[in-house]
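Working notes, structure below.
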Amino acid sequence: MLTTERGVVEEWLSEFKTLPEASITSYAAGLKEKTSLVSALYEVIQEHQSELLEPVCHQFFEFYRSKEKNLRTFTLQFLPELIWCYLSLSTSRDLQSSGCIEALLLSIYNLEIMDEQGHSKLLSFTIPSLSKPSVFHEPSSIGSMALTEGALSQHGLARVVYSGPHPQREMLTAQNRFEVLSFLLLCYNSALNFMPAPSIRSLCHMSSRLCVCGYPRQHARKYIGVKNRIPVSSEFMVQLLTGIYYSFYNGEWDAARRALDDVLYRAQLELFPEPLLVANAIKASLPQGAIKGTKEGTKCIQVEIAPTSSRISRNAVTSMSIRGHRWKRNGKTLNLYFIVLRGDTVKFAVFLQGNYNFLISILSP
């Protein structure tokens, strides 16, 4: 590690300790601009024997347990590299070097599984009701089915829990290791839109290295260092694929393509059905050429669907109405472009472009 990089990390460690409470918000907002600090912290994590690793992990913990969202996001961007270092050290049984990383991962996990009231957190989503119109369908279009609009309106919205409740963990063992790491990756994937390019690239590289270490493909990839096979779980690989799929459309096409091939390679060897299904679905949906996109630019994913009705309900479009326009049944398809912008509150706007082209934007207020 260079002297200049070491000085940057030491200054960062001491600066936060002396920071007044009123300045934390502005300090957190400016962290993402310190590219030299980010690269220096990656160097510290990758050097397992560095004496700065323990204080850096402690600082990450202080960031994550704070109520400042930018501090938590700053810590979260290093999660793929921390997971790789922990798993590689665990495989080599270097418990002394992996101790502080394990403590940090456990702390983040225990913080995430509880809400502010100290209750176990449940992550869920609500299945939309077919009785309510949307930009994708009208209730009248399914009138020929056995379920009429009146019957559909009697069905309530179904709430599906996809994660939780999770038990608190005091230590990582072979039995609970990937349960904890899979949940951490789920938390990371939920904040992918806020992750910088080095973090997304680190996720792709971690996925490749985890899946080929100890197998013949490691020589083809020219990965050095860890030569032992690192066990993985099916759920963990699915979470990896979620981040890889995002990487394709956010400026990391080459790294994501390599990671997808390696995850598919490992899933075939392990005979994991879920990763095989997801990986093959992603591979089949990819366009022929690389998509050019940067983190600062707009990302578009084009999909094709058939029109569900000969007209669009005014309730489905609301203020951005397209009254007077009707779809012509000439066998064409509807091109939808999804543009994702930052923001916690989601709104939909629909713009008519010709007979079949619509732009659905997810906008922040």
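These numbers come from a predicted model, not from an experiment.
The main-chain N or O of G99 is never found under 3.5 Å from a side-chain atom of E54 such that the two would form a donor-acceptor pair. Distance alone, capped at 3.5 Å, is enough to place a donor-acceptor pair between the S207 side chain and the L203 backbone. In this structure a side-chain-to-backbone donor-acceptor pair under 3.5 Å is missing from S50 to E47. Without hydrogens or angle criteria, N176 side chain to R169 main chain gives no donor-acceptor distance under 3.5 Å. Although no hydrogens or angles enter the test, the distance criterion places no donor-acceptor pair under 3.5 Å between the side chain of S199 and the main chain of M195. At distances below 3.5 Å, not a single donor-acceptor pair connects side-chain atoms of S208 with backbone N or O atoms of H205. Looking at E102, its side chain does come within 3.5 Å of a backbone N or O of L172 through a donor-acceptor pair. Checked by atom type and distance alone, the side chain of Q77 pairs as donor or acceptor with a backbone atom of F74 at under 3.5 Å. Under a 3.5 Å cut-off, the side chain of S182 and the backbone N or O of E179 do not form any donor-acceptor pair.
Each of L240 and V212 belongs to its own hydrophobic cluster when Ile, Leu, Val, Met, Phe, Trp and Tyr are linked at side-chain heavy-atom distances under 4.5 angstrom. Linking ILVMFWY side-chain heavy atoms closer than 4.5 Å, directly or via other members, places V232 and L264 in two distinct hydrophobic clusters. Criterion: ILVMFWY side-chain heavy atoms under 4.5 Å apart, direct or through other members. Under it, L210 and L276 are not part of a common hydrophobic cluster. Cluster membership check: L269 does not share its hydrophobic cluster with V238, using side-chain heavy-atom separations under 4.5 Å among Ile, Leu, Val, Met, Phe, Trp and Tyr. The same ILVMFWY cluster, assembled from side-chain heavy atoms under 4.5 Å apart, contains both L111 and I101.
R221 has its side chain within reach of D261: a pair of non-hydrogen atoms, C-beta onward, lies under 4.5 Å apart. Side chains of V180 and L105 form no contact here, defined as non-hydrogen atoms less than 4.5 Å apart. Taking 4.5 Å as the limit, some side-chain heavy atom of S285 sits within range of a side-chain heavy atom of Y245. A 4.5 Å side-chain heavy-atom check between T173 and M171 finds at least one atom pair inside the cut-off. Side chains of N70 and F194 form no contact here, defined as non-hydrogen atoms less than 4.5 Å apart. Counting heavy atoms from C-beta outward, E235 and F178 have side chains that stay 4.5 Å or more apart. Put simply, the side chain of I45 does not reach to within 4.5 Å of the side chain of W84, judged on heavy atoms. Counting only heavy atoms from C-beta outward, the side chains of L76 and F60 never approach each other to under 4.5 Å.
With values rounded to the nearest 0.5 angstrom, R72 atom CZ is found 12.0 Å from R65 atom CZ. The structure places CG of L271 at 11.0 Å from OG of S234, a figure rounded to the nearest 0.5 Å. Rounded to the nearest 0.5 Å, atoms OG (S247) and CZ (R257) are 13.5 Å apart. Atom CZ of R209 is separated from atom OH of Y223 by 7.5 Å, given to the nearest 0.5 angstrom. Rounded to the nearest 0.5 Å, atoms CG (L41) and CD (Q59) are 9.0 Å apart. Going from atom CZ of R258 over to atom SG of C211 covers 13.5 Å, rounded to the nearest 0.5 Å.
For the residue pair E5 and S39, no side-chain donor N or O sits within less than 3.5 Å of a side-chain acceptor on the partner. Using modelled atom types and a 3.5 Å distance limit, the side chains of Y86 and R177 yield a donor-acceptor pair. Looking only at atom types and distance, the side chain of S202 has no donor-acceptor partner in the side chain of Y42 under 3.5 Å away.
Cation-pi geometry between R217 and Y265 is satisfied (NZ or CZ under 6.0 Å from the ring centre, within 45° of the ring normal). Judged by the 6.0 Å and 45° rule, R266 forms no cation-pi pair with Y215.
Closest non-hydrogen pair, I108 versus L184, comes out as CG2-CD2, 3.7 Å. Residues Y109 and H166 come closest through the heavy atom pair OH-CB, 3.3 Å. Contact between P287 and Y249 at its shortest, heavy atoms only, is CD-OH, 3.8 Å. Closest heavy-atom contact between M206 and P80: SD-O, 3.1 Å. Minimum heavy-atom separation, A103 to S107: O-OG, 2.7 Å. The two residues L79 and Y188 come nearest to each other via the heavy atoms CD2-CB, 3.8 Å.
A side chain to side chain contact (heavy atoms under 4.5 Å, CB included) with Y64 is found for exactly one of L104, T75, L71, namely T75.
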CA sep, side-chain torsions, deciding dist, call: T242, V278, side chain to side chain contact (heavy atoms under 4.5 Å, CB included): CA-CA 9 Å; T242 302; V278 176; over 6 Å; no
Step by step, work out the side chain to side chain contact (heavy atoms under 4.5 Å, CB included) result for E43 and V9. CA-CA 10 Å; E43 289 288 335; V9 174; over 6 Å; no
Step by step, work out the salt bridge (Lys or Arg N to Asp or Glu O under 4.0 Å) result for R201 and E81. CA-CA 10 Å; R201 198 176 307 121; E81 196 66 33; over 6 Å; no
Decide side chain to side chain contact (heavy atoms under 4.5 Å, CB included) for Y246 and N189; before the verdict, give the C-alpha distance in whole Å, the side-chain angles of both, and the deciding distance to 0.1 Å. CA-CA 9 Å; Y246 179 88; N189 289 334; over 6 Å; no
Trace of the salt bridge (Lys or Arg N to Asp or Glu O under 4.0 Å) decision for E10 with R6: CA-CA 6 Å; E10 290 176 344; R6 184 184 181 88; 3.2 Å; yes
Which is it for L181 and L87 under the side chain to side chain contact (heavy atoms under 4.5 Å, CB included) test, yes or no, and what are the steps along the way? CA-CA 10 Å; L181 296 182; L87 290 176; 3.7 Å; yes
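Atom NZ of K227 is surrounded by 12 or fewer heavy atoms from other residues, nucleotides or ligands within 6.0 Å. Other residues, nucleotides and ligands place no more than 12 heavy atoms under 6.0 Å from the CD atom of E170.
Between E15 and K34 there is a salt bridge, since at least one side-chain N of the basic residue sits less than 4.0 Å from a carboxylate O of the acidic one.
Aromatic ring centres of F63 and W12: separated by under 6.0 Å.
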